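Down below is the structure, laid out as structure tokens.
Throughout, protein chains are lettered first and strands after them, A, B, ... in sequence-line order, and every chain is numbered starting at 1. All values below were derived from every heavy atom in this structure, side-chain atoms included, with hydrogens, water molecules and symmetry-related copies excluded. In this text the structure is predicted, and so the values were computed from the model without any measurement.
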Number of protein chains: 2
Amino acid sequence: MKKVSVFIVDDHYMVVEGIRSLLQNEKDIEWSGHATNGSSCRAFLKQHQPDVILMDINLPDISGIDLCKEIKEKYPRVMILGLSTFNQFSYIEKMMNNGASGYVIKNAGKEELLEAIITVNNGKNYLSDEVSQTLRKPEASGILLTRREKEILLLIAEGKTNIEISRQLFISVNTVDTHRKNLLLKFESKNIASLVRKAAQLELI
Amino acid sequence: MKKVSVFIVDDHYMVVEGIRSLLQNEKDIEWSGHATNGSSCRAFLKQHQPDVILMDINLPDISGIDLCKEIKEKYPRVMILGLSTFNQFSYIEKMMNNGASGYVIKNAGKEELLEAIITVNNGKNYLSDEVSQTLRKPEASGILLTRREKEILLLIAEGKTNIEISRQLFISVNTVDTHRKNLLLKFESKNIASLVRKAAQLELI
DNA sequence: ATACCCATCCCCTTTTTCGATGATTTTTAT
DNA sequence: ATAAAAATCATCGAAAAAGGGGATGGGTAT
């Protein structure tokens, strides 16, 4: 069986070093290299395409979420594993929506990391129990938001007014207002302040 | 010269592995062990006292900030180096106030880490340029609120209206309104949604 | 003593949100 | 294919917040 080549993008030297150390003696894994930011990652990919990229969400020059999308558009055969300190719903969701095949938290052990790499290399998705549990979290808290509602919740939390949101999404102010009202209902909040706080506590924003 | 024994407390396995890998061939350093949470760290310290502890700020069972204080009270001779993903004023400040001798960001390289360990082991403080730069501008990350403003911020985030707040605090609605305006100014927010989000992200509410 | 910050209070106008309903079209799921 | 869910648009009035002024005492630190 051919070795799986792994490339890592993470600005935290200690994490890169840790993963290198974890993987270096694995016979099925080939260390392809690493980058500490988005642009050097792009430069590397022009020369080589690894099988799997481990990608941190927080990079100095670009969000790992955007970089993920960009890479999947150019090199769809490269599998991407999100990598982050945070087991946070919004991050995981965005990475998966942007084409990532899995998501691993940095406290994962060697076995989990290996399993994740092998799994996504075989074209399947990998989410650890912990992560997929987090993906189900909004249900657990009893608040199920639609795609549009999540989108609008984010914009509200950024401080956008209804009119600004309506322009940005090319919909009527009335529609934005309706979504806003539905959000207030779902969060059992009587105003935006308490809504934003609850959303922040559920780590939805 | 006696080797410096180093113990690490971090719940991120990959970081522990990375640091171990970085330090394992250093002749001046002795790997003392690691813990992934506060309680196993306490248990270890009852048996052995390393020269230096590398301590993550975000631990599952206790904040590294509190743990730092606790350890320095019991074992003042143990030197503590804060370790975090974040170059954030409030964290650095709290760690140093609780007895840490230094603070290292996880993207630090081998040389910096070594220098930090050696320096704090000699009883001196170590702050990287990056970190001490952050410490010099408190306004950058920390918004200074007055007592009353904090109080009112909390009530706003709970969804109270100005009138409700005024009744609760036995002050005029106008006063509450003024505080609200000042909060918006200080947070550079144009409405409550963005204010609450920023406050939540700074963990003020 | 004299600035300075804080907390308090007041007025005004414009903009936005909230609350209550109703309805149509588009998507999604079974 | 059909039913359910989501997204869309709308009107109305009341309430609240945003944005702009200005003003008064009470500590407190130099």
- Item | Qualifying residues under side-chain hydrogen bond (donor to acceptor under 3.5 Å, both in side chains), relative to Thr178(A), sequence neighbours excluded | none
- Bend across the helix from dA1(C)-dT30(D) to dT30(C)-dA1(D), to 10°, with axes taken over 5 pairs at each end? 70°
- Using whole Å, report how far CD of Glu149(A) lies from P of dA5(D). 14 Å
- Note on the structure: Residues passing the side chain to side chain contact (heavy atoms under 4.5 Å, CB included) test with Gln168(A), sequence neighbours excluded, are Leu155(A), Lys160(A)
- Message: Is the shortest side-chain heavy-atom distance between Arg20(A) and His34(A) below 4.5 Å?
- Response: yes
- Message: Return a single string for nucleotides 8-21 of chain D, one symbol per nucleotide in 5' to 3' order, where B is base contact, S is sugar-phosphate-only contact and - is none, cutoff 4.0 angstrom on heavy atoms.
- Response: BBBB----SSSBB-
- Query: Can you name the side chain to side chain contact (heavy atoms under 4.5 Å, CB included) partners of Leu184(B), sequence neighbours left out?
  - Reply: Ser189(B), Ile192(B), Leu195(B)
- Tell me, please, the opening and closing nucleotides of DNA chain C, 5' to 3', among those with an atom under 4.0 angstrom from a non-hydrogen atom of chain B. dC6(C) to dC10(C)
- Note on the structure: Hits for salt bridge (Lys or Arg N to Asp or Glu O under 4.0 Å) against Arg42(B), two or more places apart or cross-chain, chain-then-number order -> Glu70(B)
- Note on the structure: Applying side-chain hydrogen bond (donor to acceptor under 3.5 Å, both in side chains) to Lys69(B) and not counting sequence neighbours gives none
- Message: Checking Lys124(B) now: which residues fulfil salt bridge (Lys or Arg N to Asp or Glu O under 4.0 Å) with it, not counting sequence neighbours?
- Response: none
- Query: Under the side chain to side chain contact (heavy atoms under 4.5 Å, CB included) test, which residues partner Lys181(A), sequence neighbours left out?
  - Reply: Asp177(A)
- Listed partners of Lys74(A) passing side-chain hydrogen bond (donor to acceptor under 3.5 Å, both in side chains), at least two apart: none
- side-chain hydrogen bond (donor to acceptor under 3.5 Å, both in side chains) against His179(B), all qualifying residues, sequence neighbours excluded: none
